[in-house]
Structures are given as C-alpha cells and as structure tokens.
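As the structure lists them, so they are numbered: ligands from 1, and atoms in each ligand from 1.
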Amino acid sequence: MSKKIILLASGNGSNVENICRFFKQNLEVQILEVYTNNPDAGVLKRIKPFGLKGYIFNKTSFNNGDVLKEIKKKQPDLIVLAGFLWKIGVDWIDAFPLKIINIHPALLPKYGGKGMYGSHVHKAVKENNEKETGITIHYVSEAYDKGTFIFQNKVALTTTDTICDIEAKVSALEQKCFPKVINSLLNNI
Ligand code: GAR
C-alpha cells in the first residue's frame, strides 16, 4: 500500500515543489494534499503542474480544530511542514505522534524559536559572523523548533556571503536533502 503525505506551507513553496517532483514517479508515495494558510502563497501555483490544487484555510478553522479534523480523515503517514509558519497545537501532536516533521533553515538549537524564519534566520547568521550554517529536519513538538532532530547538514560560509548568498546556500541544501530524508522516514514506517 502506498504511503501518504500531507504538506503544509505558508509561502513561496520551493520545498513543496521539489518534494512533489521527487515523488512524482514513485507509486509507493502519494502526496494527498497541500495545505496553506495563505491564499496568495506562491506554493499554490507551484503545485498545479502536479495535479494538486491546494487547500486554503484561515486562522479560525486552524484554531477551532476543523483543519486537523480534515487531515485526520485522510490518515496521512507523514505531515511535512515545508515553510509553514503557524505554531502547531498540542492537539495535532497528540493526534500524530512522531508523524509531523519540520525543516528549519539553520543549525538548531541556534537561530530557532518564534520569529526565526526565512530571511530573519539568515540575517541573524550573517550578523553573528557565523562560519557555517545549515538545515535541521526535526519532529514537531509543543515548543517551536525544539523537537527531536532527525537530520542536520552544514554548509560553509565566507565573510563576503550576503544574506541572499546564505539563503541560496541553505536552499540548495534543502533541495538536495529534504525529499531524501522524507523518503527514508517513509521507508521505516
Ligand atoms: C525554507 O527555507 C524553510 O526552511 C523555512 O522557510 C523556507 C520556505 O521556503 N522555514 C522556516 O523558517 C521555519 N521556521 P519555501 O517556501 O520556498 O519552501
């Protein structure tokens, strides 16, 4: 039986697109749906070629449990947060223990927590003159960016790297590693 994934994203969607591309020819893995809290999110355009239209929700349906109820009905094997910026509630974690994962664009525990997302992370990395940065894929827990790590990978930085350069280096790592990590998790379910 094929494994089922649900993706959540809030913005651009380069990771979602890459994950869709990676699993396109794989009959063992089915991307059921992409959920977004943002009706203007770039991700909605990116998923069209894969025959996915996206499920848009608002704060009310997220907070009152309607979104979770919908997702429960679909019985996913894995829920993947790929640039999803709202905090996942404890009701989700109870419903899907060790089945919700997130990608963070830094080497946690550094540069995590509330407000640390996207370019804010890379700006902080630059301001601290870090010699390296990277990605962390982790299980989602009640505290932002504090769940058990599944995978980390690093990239070296130079003093001349701009915030955009750092972002591009991290994005390249995400593109290379995230689908493979998802695949290996699915193989062990
Ligand atoms: C990615 O770099 C992801 O790691 C980051 O948002 C970006 C989304 O890009 N996530 C966080 O910062 C979560 N705290 P994308 O929409 O192009 O995939």
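Looking at Thr36, its side chain does come within 3.5 Å of a backbone N or O of Ala9 through a donor-acceptor pair.
Taking Ile, Leu, Val, Met, Phe, Trp and Tyr as members and joining any whose side-chain heavy atoms lie under 4.5 Å apart, directly or through other members, the hydrophobic cluster of Trp86 also contains Ile6, Leu8, Leu32, Tyr35, Tyr55, Phe57, Phe62, Val67, Leu68, Ile71, Ile79, Leu81, Phe84, Ile88, Trp92, Ile93, Phe96, Ile100, Val140.
Here CG of Asn102 is found 9.0 Å from CG of Leu85. Values are rounded to the nearest 0.5 Å.
If you run salt bridge (charged side-chain N to carboxylate O under 4.0 Å, His left out) between Glu130 and each of Lys123, Lys169, Lys154, Lys110, only Lys110 comes through.
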Worked check of side-chain hydrogen bond (donor to acceptor under 3.5 Å, both in side chains) between Ser10 and Asn37:
CA-CA 6 Å; Ser10 297; Asn37 58 303; 2.8 Å; yes
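Near ligand 1, heavy-atom contacts under 4.0 Å come from Asn12, Gly13, Ser14, Asn15, Gly83, Ile103, His104, Pro105, Met116, Tyr117, Gly118, Glu174.
For the residue pair Thr162/Asp165, the side-chain donor-acceptor check at 3.5 Å is satisfied.
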